[in-house]
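Here is the structure we will look at.
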2 protein chains.
Amino acid sequence: MYETLQFEHSSTVERVVDELRRALFDGELAPGTPLREVALADAIGVSRSTIREALGTLVAEGLAVRQPNRGVAVNSLKAADVRDVGKARAALETAGVQAWPTARASDKDALRRAFADYTRTAESGTNSSDLTAAHLGVHRALVGLTGSERLLAMADALAAEIRLALAHVARVRRNSGEQVAAHRVLLTLLEGGDVEAAVAELRDHLTHAETSMLEAIKRPRRRKADIQ
Amino acid sequence: MYETLQFEHSSTVERVVDELRRALFDGELAPGTPLREVALADAIGVSRSTIREALGTLVAEGLAVRQPNRGVAVNSLKAADVRDVGKARAALETAGVQAWPTARASDKDALRRAFADYTRTAESGTNSSDLTAAHLGVHRALVGLTGSERLLAMADALAAEIRLALAHVARVRRNSGEQVAAHRVLLTLLEGGDVEAAVAELRDHLTHAETSMLEAIKRPRRRKADIQ
DNA sequence: TACTGTCGGATTGTCAGACAATCCGACAGT
DNA sequence: ACTGTCGGATTGTCTGACAATCCGACAGTA
């Protein structure tokens, strides 16, 4: 009984983390920007302890980096990091695709839904941030095919890094229709049971994504912070 | 110049975390044991803030769990968790094995060294904790073949959970010579370039490991804490 | 000029103490 | 057997403090 009920317990720290994450993803804080404890505490209106804890989780999530005695700053992904994230993504998503034959029906459905969502978002031509989210959702669902929460959590961490990087990069302009088509191919191959081909398609897609991200990272979007 | 120099910066929090981790791995704190902030602060001789931060990282590492307003407790892995960790390990290590043909020479060497280490440790019949560490080292090196730091970090997190579970389980007694042999087979297949067979061997090995862990988890080692 | 020593301000790391909110178990009441 | 209430224990958050560390500027020296 009451299985559907849930109650959101949000601590102050959690809300601070959410707010900081949002600011990072929305590009309000450029990579490398130092996150000063007292300044943030004053700005947000909480104590330094709370900020400190929030910064700790941000660092744990890889969205920020801490240098001992010098504070934490917004993480800025170098080319090497992008490549590293690419390898990690490839590993996780390949595992998901390879698990298709033995995947739970619910996980397969989740993937189908994520793709449908992505298609719809792309067609309705909404905000690019939403599109990114929907796109990442498909890739997340791929990992979900493994049926492992831990792998999903790892995928989420990687996705967060990607979103952070994407927020500070000149618009990655690729034909979104073409993108959707590429994913549809992948899905179709899976539905047809051709795992081998799906893996190849995935690898191809990820390689393209990585090179275009590397390309984009070279020409960072001009921001206020740059000219101060 | 000076590239080889390094200086260890250890903060109080870090040392507390290390100490707690050690206690966890050595089985001094049974799964489920609550980690009270003030009690720990008194025991270790640091302030509550410091303990709090240390507990935060422990939770982030998955070694402990936090229930809002109820504090953190030593994580206790259920059967479902073991299976989940198993899937995650399989994904990461399979990725490593599949990356063998394109792996960096240094990473391959690291694997060879890890295996040599493992062999030596097994032969010299040392402490079982060291043997576990050496064994995990081999599996870590497998993931290392991917050349991704992030995947390595994920593997480390999984290894930590495994060590935690292993610390509170009736001795997993398997012929260690047989174990070493299984790994040797894997290595030999890789050196021979037969990735397919190596993947199969790995999958087999991991399945065995998982079932024996599931088996072991059912009969937890009797501890003082149990009879208090 | 290039390098080294020193100083002050800014910031972090850690501590101590406080208090409300929350949780838990016990106990009493129905 | 279920519900209401109370007190102690514990966490979540805040405030204030201070030493350690870092950074930039400035001066001194070869």
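Proteins get letters first, then strands, A, B, ... in listed order; numbering begins at 1 in each. A quick note: this is a predicted structure, and the numbers were derived from the prediction, not measured.
- The interatomic distance linking A:I51 (CD1) with C:dG13 (P) rounds to 14 Å, in whole Å.
- B:R36 comes within contact range of the sugar-phosphate backbone alone, with a heavy-atom separation under 4.0 Å but no base atom that close.
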Side-chain donor-acceptor distances from residues 136-144 of chain B under 3.5 Å, at least two apart:
from	atom 1	to	atom 2	distance (Å)
B:H139	ND1	B:R89	NH2	3.3
B:H139	ND1	B:E93	OE1	2.7
B:H139	ND1	B:E93	OE2	3.3
B:H139	NE2	B:H135	NE2	3.0
B:H139	NE2	B:H183	NE2	3.1
B:H139	NE2	B:H205	NE2	3.3
B:R140	NH1	B:D156	OD1	2.7
B:R140	NH1	B:D156	OD2	2.6

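- Minimum heavy-atom separation, A:G147 to B:D84: O-OD1, 3.9 Å.
- For B:D130 and B:T121, the side-chain atoms include no donor-acceptor pair closer than 3.5 Å.
- Read 5' to 3', the first and last nucleotides of DNA chain D with an atom closer than 4.0 Å to a heavy atom of chain A are D:dT13 to D:dC23.
- Under the Watson-Crick or G-U wobble criterion, with both distances below 3.5 Å, D:dG28 is paired with C:dC3.
- Along DNA chain D, the nucleotide nearest to A:T12 and the one nearest to A:R48 differ in position, and the one closer to the 5' end is contacted by A:T12.
- As judged by a 4.0 angstrom heavy-atom cut-off over every strand, A:E53 is placed among residues making no nucleic acid contact.
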Could you check B:V13 against B:I51 for side chain to side chain contact (heavy atoms under 4.5 Å, CB included), going step by step and ending with a plain yes or no? CA-CA 7 Å; B:V13 173; B:I51 290 290; over 6 Å; no
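- With a cut-off of 3.5 Å on both pairing distances, the Watson-Crick or G-U wobble partner of D:dT11 is C:dA20.
- When the P atom of C:dA16 is taken as reference, atom CZ of B:R52 falls 17 Å away, rounded to whole Å.
- Proximity of B:E53 to B:T12: side-chain heavy atoms (C-beta onward) are nowhere separated by under 4.5 Å.
- At a cut-off of 3.5 angstrom, counting only N and O atoms as typed in the model, there is no donor on one side facing an acceptor on the other between the side-chain of A:R70 and the base of C:dG13.
- Comparing B:S49 and A:G71 by the nucleotide of DNA chain C that holds the closest heavy atom to each, the one mapping nearer the 5' end is A:G71.
- Between B:D42 atom CG and C:dC15 atom P the separation is 12 Å, expressed in whole Å.
- B:S76 and B:K78 form a side-chain donor-acceptor contact under 3.5 Å, judged by distance and modelled atom types alone.
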